[in-house]
Amino acid sequence: MIGVFDSGSGGLTVLEALHRALPDRDFLYFGDHARAPYGVRDAQEVDAFTREAVVSLINAGCRLIVLACNTAAAVALRPLQQTWLPYNAPDVRVLGVHVPLVEAITRCDWNTSVPIKRAEEKKRTVAVFATPRTVETGSFVTEITSRSPHITVLQQACPGLAGAIEAGASLQEIDSLVAGYVDELMSQEGAQEIDSAALACTHYPFAYDQFRTALPPHVDVLTQPLMVAAALEDYLRRRPECDQPGNGTLTLLTSGDPTRLNGIIKRLPPAFQNFKQINPGLAPV
Ligand code: DGL
């Protein structure tokens, strides 16, 4: 069973793509709706909540876990991989959704240890829209520029967006929030040079149309779900020992009240709306 974790409903955008790409694997999704959004929380909280979720998914039988939350991945993935998993769950792999996005932007393999110097590479400018916590870690700037020093990264925090999407804000509210963040980005120095904009929060694909409309037409808008699905397929091909055949089941768990999950998830097929409530520790309520 493959575990998929997000602070709330954003990771469903990734889960849907994973299920399409790997229809016979079993997925267990956990959305920590009761404590979403994470992006405005401090790093210690995000770290602690993410670790709790990972432990719960491991206890539920997951040996491979995808952090379908950029905020959780930016704050908690490295410490988990370096200091927690090796001692507590050495046979478990935890992957982050930021990796395929960084690979797509840099056109470099994640494991590239030295910056790639390609004579033909032109200077580029890429925008990254993310939560305030992700922006504060600077992880996208570090991961992109350490591989591709010719890329300038302009980060734009969107403090209210994931929360508004979780809360079921109207399309007009989402339109005006996104337009405001795009305006802020475009007022940053060098913004006229942007060729691509990465939606580096798994909630933002729900606002893809608004970003597409607000950004200049020549800017390529990059989203994670299909990239992550392709990367996971590739990972399982390369690491068959991490693969577990299944029956294509989808189990959705939430720490929140399933009857109060908002309308945004109605955009997804019914199988992605059928949440059961659990206590922390994944015990059914
Ligand atoms: N969907 C998450 C992300 O990718 C978290 C958003 C939030 O909870 O603030 O960053």
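Just so you know, ligand 1 is whichever comes first in the structure, and atom 1 is the first atom listed for that ligand.
Closer than 4.0 angstrom to ligand 1 by heavy atom are Asp6, Ser7, Pro37, Tyr38, Gly39, Cys69, Asn70, Thr71, Thr131, Ala162, Cys201, Thr202, His203, sorted by chain and number.
The pair Arg239-Asp243 fails the salt-bridge criterion, with no side-chain N (NZ, NE, NH1 or NH2) lying under 4.0 Å from an Asp/Glu carboxylate O.
Annotation: Phe49 is in aromatic contact with Tyr38 [ring centroid separation under 6.0 Å]. Annotation: Phe129 is in aromatic contact with Phe211 [ring centroid separation under 6.0 Å].
Applying the side chain to side chain contact (heavy atoms under 4.5 Å, CB included) rule to Leu268 yields the partners Leu12, Glu16, Phe206, Phe272; only residues at least two apart in sequence or on another chain are considered.
Under a cut-off of 6.0 angstrom, the local environment of CG in Asn274 is sparse, with at most 12 non-hydrogen atoms contributed by other residues, nucleotides or ligands.
Partner of Ser9 under the side-chain hydrogen bond (donor to acceptor under 3.5 Å, both in side chains) criterion, chosen from Gln273, His203, His33: His33.
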